[in-house]
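Excluded from the calculations below are hydrogen atoms, water molecules and symmetry mates; all remaining heavy atoms, backbone and side chain alike, are included. Since the structure is predicted, the reported quantities are computational estimates derived from the model, not experimental observations. Numbers for residues simply follow the sequence, beginning at 1.
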Amino acid sequence: GTDDNSSTTITDSDFAATTDSWTVQTAAALRVNSVTTTPTTVSSSQASIAVTIAVENTGEASASSLDIAAADLTLKQGATDKSSEYTLACSNCSGSDLTIAGGTIKTYNFTVTVGAAATTGATTLDCATIAGTDANSSSAITDNNGATTTDSWTVQTATVLVIGAIAFTPTALVQGE
């Protein structure tokens, strides 16, 4: 090269004794692939219904400090959010589970209890938002698009067994019985 101040040619003929290298990665990018559940019909007050959310990091850098909690699983009837009518708990939404390596998918497991007064009818299960941090740059990353594939169930009123009356009509009576 050339020194701009003196116009002198500058060279390095002995090269560096120690070199270093690094890998450039694309930024972490989150996508909610799916929200899935098995039952197609649930009843008011039904408990321990399994729901799974699959989240993909489509980038190369790890996504860390994921903010995925019960609030991120949404239950809607049409455009109306009915999530408050349910109790939601995630079994693996903490610690090391909050990091997704680049190019991988991680599933988050929820249990859902349908409220006693839950609105009956068709209900869509989705994940409205997932957020985290790019592990290399510490930049915030978010997916606000909802799941690529959602699931649904129909909420029905729980069956209540009522015994109206018990009648006993003996066919014959025998003294002493």
Student: Are the side chains of T37 and I49 in touch, meaning some heavy atoms are under 4.5 Å apart?
Tutor: yes
Student: Can you name the closest pair of heavy atoms from T74 and S83 and give their distance?
Tutor: CA-OG, 3.3 Å
Student: If I compare all heavy atoms of K106 with all of D97, which pair ends up nearest, and what's the gap?
Tutor: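 That would be CD-O, 3.4 Å.
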Student: Is the backbone of S139 close enough, under 3.5 Å, to the side chain of S137 for a donor and an acceptor to pair up by distance?
Tutor: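 Yes, the answer is positive, given that a donor and an acceptor are paired below the 3.5 Å cut-off.
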Student: Inspect the surroundings of CG in N144 and state if more than 12 heavy atoms from other residues, nucleotides or ligands are less than 6.0 Å away.
Tutor: yes
Student: Once rounded to the nearest 0.5 Å, what's the spacing between atom SG of C93 and atom CG of L98?
Tutor: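 Interatomic distance, C93 SG to L98 CG, rounded to 0.5 Å: 7.0 Å.
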Student: One pair to check against side-chain contact (heavy atoms from CB on, under 4.5 Å): D72 and I53. What are the steps and the verdict?
Tutor: CA-CA 10 Å; D72 298 318; I53 297 177; 5.5 Å; no
Student: If I take atom CG from residue L73 and atom CG from residue L88, how far apart are they, to the nearest 0.5 angstrom?
Tutor: 5.5 Å
Student: Sub-3.5 Å donor-acceptor pair from the side chain of S44 to the main-chain atoms of A158, do we have one?
Tutor: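 Pair found, side chain donor or acceptor close to backbone of A158.
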Student: I need the T150 OG1 to K76 NZ distance, nearest 0.5 Å.
Tutor: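 It is 11.0 Å, given to the nearest 0.5 Å.
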Student: Nearest heavy-atom pair of R31 and N33: which atoms, and what distance?
Tutor: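 That closest heavy-atom pairing would be NE-OD1, 3.0 Å.
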Student: Roughly how far, to the nearest 0.5 Å, is the CG atom of L66 from the OG atom of S94?
Tutor: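 Going from the OG atom of S94 to the CG atom of L66 covers 12.0 Å.
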Student: State, without any angle test, whether N145 and D143 hold a side-chain donor-acceptor pair at a distance under 3.5 Å.
Tutor: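 D143 and N145 do have a side-chain donor-acceptor pair below 3.5 Å.
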Student: Determine whether a donor-acceptor pair (N or O, by modelled atom type, separation under 3.5 Å) exists between the side chain of N57 and the backbone of I100.
Tutor: yes
Student: Of the non-hydrogen atoms in T99 and S62, which two are nearest, and what is the gap between them?
Tutor: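 The answer is CG2-CB, 4.3 Å.
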Student: Answer yes if the side chains of E85 and T119 hold a donor-acceptor pair under 3.5 Å, and no otherwise.
Tutor: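 Present: a donor and an acceptor within the cut-off.
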Student: Yes or no on side-chain contact (heavy atoms from CB on, under 4.5 Å) for T123 and Q77, after CA distance, side-chain angles and deciding distance?
Tutor: CA-CA 5 Å; T123 304; Q77 290 184 342; 3.0 Å; yes
Student: Between the side chains of D126 and T124, does any donor sit under 3.5 Å from an acceptor?
Tutor: no
Student: Apply the test side-chain contact (heavy atoms from CB on, under 4.5 Å) to residues Y86 and L125: give CA-CA distance (whole Å), side-chain angles for both, the deciding distance (0.1 Å), then the verdict.
Tutor: CA-CA 12 Å; Y86 299 82; L125 288 77; over 6 Å; no
Student: Where do V114 and S43 come nearest, in terms of heavy atoms and distance?
Tutor: CB-O, 3.5 Å
Student: Please round to the nearest 0.5 Å and tell me the distance separating atom CZ of F110 and atom OG1 of T52.
Tutor: 9.0 Å
Student: Return the CD1 to OG1 distance between I68 and T129, rounded to the nearest 0.5 Å.
Tutor: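 The CD1 atom of I68 sits 10.5 Å away from the OG1 atom of T129.
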Student: Does a donor on one side chain sit under 3.5 Å from an acceptor on the other, for Q156 and T120?
Tutor: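 Side chains of Q156 and T120: no pair found under 3.5 Å.
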Student: Any donor and acceptor pair, going by atom type alone, linking the side chain of T26 with main-chain N or O of E60 inside 3.5 Å?
Tutor: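 Indeed, once roles are kept as given, a pair shorter than 3.5 Å links the two residues.
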Student: Does the side-chain contact (heavy atoms from CB on, under 4.5 Å) test come out yes or no for Y108 and C127, once each step is laid out?
Tutor: CA-CA 11 Å; Y108 294 93; C127 180; over 6 Å; no
Student: Contact between D151 and W153 at the side-chain level, heavy atoms closer than 4.5 Å - yes or no?
Tutor: no
Student: Heavy atoms only: give me the nearest G132-L30 pair and the separation to one decimal.
Tutor: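 That would be N-CD1, 4.0 Å.
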